[in-house]
S.K.: 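One structure is given below, represented as structure tokens, and several questions about it will come after.
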There are 2 protein chains.
Amino acid sequence: MSVTIKDVANAAGVSPSTVSRVINKKGVISKETEEKIYAVMKELNYVPNKTARSFASGSTMAIALVIDVTDVRAYSNNYFNNSVFGIETVAHQNGFDLIITNGRRNGIENFVEKTVLSKKVDGIILPETMAKTDFLRKLDEIDFPYVILGQPPVSHQWCNWVDINNVQGGQIAVEHLLDKGYGKIAFLSSGEKEVFNRNRIKGYQEALIKHQIPVFPDYIRHCESSLENGLTTAKEMLTGENPPDAFICSDYYLGIGVKRAVAEMGLSIPFDIGLIFFDNSPVAELVEPSITTVDIDTFGLGQQAASILINKIKDKKLNGRQTLIGTNIIERESTQRLRRSMS
Amino acid sequence: MSVTIKDVANAAGVSPSTVSRVINKKGVISKETEEKIYAVMKELNYVPNKTARSFASGSTMAIALVIDVTDVRAYSNNYFNNSVFGIETVAHQNGFDLIITNGRRNGIENFVEKTVLSKKVDGIILPETMAKTDFLRKLDEIDFPYVILGQPPVSHQWCNWVDINNVQGGQIAVEHLLDKGYGKIAFLSSGEKEVFNRNRIKGYQEALIKHQIPVFPDYIRHCESSLENGLTTAKEMLTGENPPDAFICSDYYLGIGVKRAVAEMGLSIPFDIGLIFFDNSPVAELVEPSITTVDIDTFGLGQQAASILINKIKDKKLNGRQTLIGTNIIERESTQRLRRSMS
DNA sequence: ATGAAAGCGCTAACAC
DNA sequence: GTGTTAGCGCTTTCAT
């Protein structure tokens, strides 16, 4: 039914292996036979069968992005979304297909079998939340290429990973606020276990120290992400002694909570209080006042991840590729204490 | 290196075909050999090679979701996101892998070759925006399974598709507003070419007629989606003669624009003006007042699409499966004119 | 520069 | 019930 390499070979008066060479641009073929073969391929509308190629060559030219569907917050956001497209873009540029697969369906064990051992893909991209030491060790054992989205457990610091530069994110948030005339900056984190929060706080502290501003432990609060928690925590801090005059929040739920708290207390953003949060969601530009954010290039994150993985696939010895993706400030109204003109 | 079906056969003292039968649960095998084989498979840690199976059987057990990376709005949203997970869920339940692929890279022509003709997947899910008649005809020619996300061009009404029930969405929006005491309802659409807008307006009109409320053509406005357009259009309508007392908007950009217009005119939501928009984004719950939305079950949309596609793959004669996914109202403050207690 | 031939791991007639 | 056998379409030595 469908035209095969043999048909092309026959029609062109050559052997299948010659056609194969042309397809793969391998070995040396004379200009004329090459052209002849291209012509025949076009005429016969020949398209190589990917499955057969994968089977024969032993490489699938596909990578998988593992997701955790049980964790809605982990995927139902722009971060995830844009990473996917970054990954897809680089994958296709390199001739790879992207498979999306849920890792946590029947336990990670089962997942290894189904996707990794079954030779369906040549490598995987794994969110840090699913990169448990045991699992990684299994991958190491069979020398299976992977890259981690986020920072790996201590046992695997040597492996390939890519992450957002959260330290730098914390720093530029502080510096932006200082620049805008705020001096008593608090940090509302969505949890102290998360590495990304810890790194952001690290950056926050480093920036304060660098500018010789005292770091008050009380200015760093952890609470589960929600509007309510943001609201109550901010109120508590603002009514306490030594209230801050600016807040950096881990996400927009906490951030909007802070915004409410400020409003309920009759204070003003940005004149009394500065506000900045991570994640440049549409929320930030649509509320009033609009909120300055730390924007994260998740498309770039995905691109890097895919790029490193593909290199690893090509060269199994590749290790220690550790990329941090920079963040930047999207300036909006919530930090315009100085009433500088906005560009 | 890796253990094959032959190894299992040898170790179990049977032939490869018997092992194959066990793997595929095909034909009849005696209880004892079956158990024996399972035991050996476990012991040897055997995992069937998917590529080899695909190659031998001619079916890849994979489907592709085609996306359009050039169209940011088309994918960088919750709709898309959740559909992906709906698709993945059903795919995996049926043993299929999900491949994400960009259709618009080198033209749709090239795409056909690479993904469809190369036998990499057994079927594709295609957004309506990419479902051009020419392309569909090609797929038809080679009898390649597809389902369309959204409504297909007129030439292909007979094919399988799944869509949001936008007519019903328009209806329930109107009915909710009527129920809440609003009577002069306007519709701000993000474009008159889009089928989904046309359907929502259809539902809007039907609901009005059903309740014997006059349909003013002037109450239906089309403008490109943006906060500014929402703002100016709403202002214009509110300052005109016969101003509406409620707005239904195609998306949250227009919706927030209307909200601003109402505020700037010194009117109140929900007491003077009711507001409801499509797409239950976080924006809706985080602004003040929070906005009632028409919520769309895109996870269900994805599930249905995958389910239909897989049925089509199994039974190529399957056609005309046309599913509409219902919408529902998420009630918030912006439509509480009557000050009913909220649950 | 090209051809011949083996084989990748599995499935599916077809035998028995 | 189970074994035998012939491919599936391609890549890849090894010849020439």
Side-chain angles (χ1 to χ4, degrees), chain A residues 1-38 40-41 44-62 95 113-114 116-122 142, chain B residues 1-38 40-41 44-62 95 113-114 116-122 142:
Chain A
M1 37 168 283
S2 66
V3 21
T4 74
I5 200 171
K6 265 190 179 168
D7 301 324
V8 176
N10 289 149
V14 296
S15 77
S17 41
T18 305
V19 179
S20 174
R21 282 184 192 105
V22 172
I23 294 170
N24 297 293
K25 305 190 198 310
K26 264 185 187 167
V28 252
I29 331 97
S30 73
K31 205 91 205 120
E32 34 185 350
T33 50
E34 180 174 359
E35 277 163 10
K36 171 87 187 168
I37 287 170
Y38 274 128
V40 172
M41 292 202 298
L44 264 49
N45 234 302
Y46 169 70
V47 181
N49 179 318
K50 273 202 183 186
T51 306
R53 293 180 79 178
S54 294
F55 179 53
S57 68
S59 88
T60 63
M61 296 306 280
E113 286 195 13
K114 282 193 52 179
V116 177
L117 296 181
S118 69
K119 306 270 161 34
K120 181 78 193 184
V121 297
D122 295 340
I142 57 173
Chain B
M1 37 167 284
S2 66
V3 23
T4 73
I5 200 170
K6 265 190 181 168
D7 301 323
V8 176
N10 290 149
V14 296
S15 78
S17 43
T18 304
V19 178
S20 174
R21 281 183 192 106
V22 171
I23 295 169
N24 297 293
K25 304 189 199 310
K26 264 185 188 168
V28 253
I29 332 98
S30 74
K31 205 92 204 119
E32 35 184 350
T33 49
E34 180 174 359
E35 277 163 8
K36 171 88 187 168
I37 289 170
Y38 274 128
V40 173
M41 291 201 300
L44 264 50
N45 234 303
Y46 169 71
V47 182
N49 180 317
K50 273 203 185 188
T51 306
R53 295 178 78 180
S54 293
F55 179 52
S57 68
S59 88
T60 63
M61 295 306 280
E113 285 194 14
K114 282 194 52 179
V116 178
L117 295 181
S118 69
K119 306 270 159 36
K120 182 78 192 180
V121 296
D122 295 339
I142 58 172

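The structure displayed is predicted, hence computed values, not measured ones. Chain letters run A, B, ... following the sequence lines, proteins first and then strands; every chain starts at 1.
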S.K.: Touch check for A:Val14, heavy atoms < 4.0 angstrom, all strands: base, sugar-phosphate only, or nothing?
M.R.: sugar-phosphate
S.K.: What's the verdict on side-chain contact (heavy atoms from CB on, under 4.5 Å) for A:Val8 and A:Val3, showing C-alpha distance, side-chain angles and the deciding distance?
M.R.: CA-CA 8 Å; A:Val8 176; A:Val3 21; 4.3 Å; yes
S.K.: Evaluate the side-chain proximity of B:Val14 to B:Val19: yes if any heavy-atom separation is below 4.5 Å, no if none is.
M.R.: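 Side chain of B:Val19 against side chain of B:Val14, heavy atoms only: contact under 4.5 Å found.
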S.K.: Write down the distance between CZ (B:Arg53) and P (D:dG9), rounded to a whole number of angstrom.
M.R.: 19 Å
S.K.: Strictly distance-based, threshold 3.5 Å: is any side-chain N or O of A:Thr51 a donor or acceptor partner for the main-chain N or O of B:Lys119?
M.R.: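 Indeed, once roles are kept as given, a pair shorter than 3.5 Å links the two residues.
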S.K.: Which pairs, with at least one residue in residues 46-58 of chain B and sequence neighbours excluded, count as a salt bridge (charged side-chain N to carboxylate O under 4.0 Å, His left out)?
M.R.: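 Non-adjacent pairs meeting salt bridge (charged side-chain N to carboxylate O under 4.0 Å, His left out): B:Lys50-B:Asp97.
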S.K.: Send over the distance from B:Phe55 CZ to D:dA6 C1', rounded to a whole Å.
M.R.: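 Taking CZ of B:Phe55 and C1' of D:dA6, I get 13 Å after rounding.
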S.K.: Of the nucleotides C:dC14, D:dC10, C:dC10, which one has an atom closest to the side chain of B:Pro48?
M.R.: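 Closest of the options to the side chain of B:Pro48: C:dC10.
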S.K.: Rounded to the nearest angstrom, tell me the gap between atom CG in A:Asn24 and atom P in C:dA1.
M.R.: 17 Å
S.K.: Is B:Asn10 reaching over with its side chain to a backbone N or O of B:Asp7, donor-acceptor style, under 3.5 angstrom?
M.R.: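 Here the side-chain-to-backbone pair does not exist.
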S.K.: According to a strict under-4.0 Å criterion, is A:Thr4 in side-chain N/O contact with OP1 or OP2 of D:dG9?
M.R.: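 It does not, given that no N or O in the side chain of A:Thr4 lies less than 4.0 Å from OP1 or OP2 of D:dG9.
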S.K.: Remember a base hit wins even if backbone is also touched, and classify B:Ser17 as base, sugar-phosphate or nothing at under 4.0 Å, heavy atoms.
M.R.: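 Counting heavy atoms under 4.0 Å across all strands, the contact made by B:Ser17 includes a base.
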S.K.: Work out how much the helix from C:dA1-D:dT16 to C:dC16-D:dG1 bends between its end axes, five pairs an end, to the nearest 10 degrees.
M.R.: 30°
S.K.: Just by distance, no angles: are the side chains of A:Thr18 and A:Ser15 close enough, under 3.5 Å, to form a donor-acceptor pair?
M.R.: yes
S.K.: Specify the separation, in whole Å, of atom CD1 of A:Ile5 and atom P of D:dT12.
M.R.: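 Distance check: A:Ile5 CD1 to D:dT12 P gives 11 Å.
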S.K.: Check the distance between C:dT2's P and A:Asn10's CG and give it to me in whole angstrom.
M.R.: 17 Å
S.K.: May I ask you to verify if any side-chain N or O of B:Thr33 is less than 4.0 angstrom from the OP1 or OP2 atom of D:dT2?
M.R.: yes
S.K.: If I take atom NZ in residue B:Lys50 and atom C1' in nucleotide C:dT11, what distance separates them, rounded to the nearest angstrom?
M.R.: 17 Å
S.K.: Of all the choices, C:dT2, D:dG3, C:dC8, which nucleotide is nearest to the side chain of A:Ser30 once you look at every atom?
M.R.: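 Of the candidates, C:dT2 comes closest.
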S.K.: Can you check the A:Ile29 CD1 to D:dT12 C1' distance for me, whole Å?
M.R.: 15 Å
S.K.: For C:dT2, does either OP1 or OP2 sit under 4.0 Å from a side-chain N or O belonging to A:Ser15?
M.R.: no
S.K.: Taking all heavy atoms of B:Lys6 and all of B:Pro16, pick out the closest pair and write down the distance.
M.R.: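 Looking at all heavy atoms of both residues, the shortest contact is CG-CG, 4.3 Å.
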S.K.: Give A:Ser20 one of three labels, base, sugar-phosphate or nothing, depending on what nucleic acid heavy atoms sit under 4.0 Å from its own.
M.R.: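 Base, at least one base heavy atom under 4.0 Å.
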S.K.: Within the structure, does a side-chain N or O atom of B:Asn49 lie under 4.0 Å from either OP1 or OP2 of C:dC8?
M.R.: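 Looking at the OP1 and OP2 atoms of C:dC8, neither is under 4.0 Å from any side-chain N or O of B:Asn49.
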S.K.: Output yes when at least one side-chain N/O atom of B:Ser57 is less than 4.0 Å from OP1 or OP2 of C:dC10, else no.
M.R.: no
S.K.: Quick one: are B:Thr33 and B:Val22 in side-chain contact, heavy atoms under 4.5 Å?
M.R.: no
S.K.: Between A:Lys26 (NZ) and D:dT11 (P), how many Å, whole number?
M.R.: 8 Å
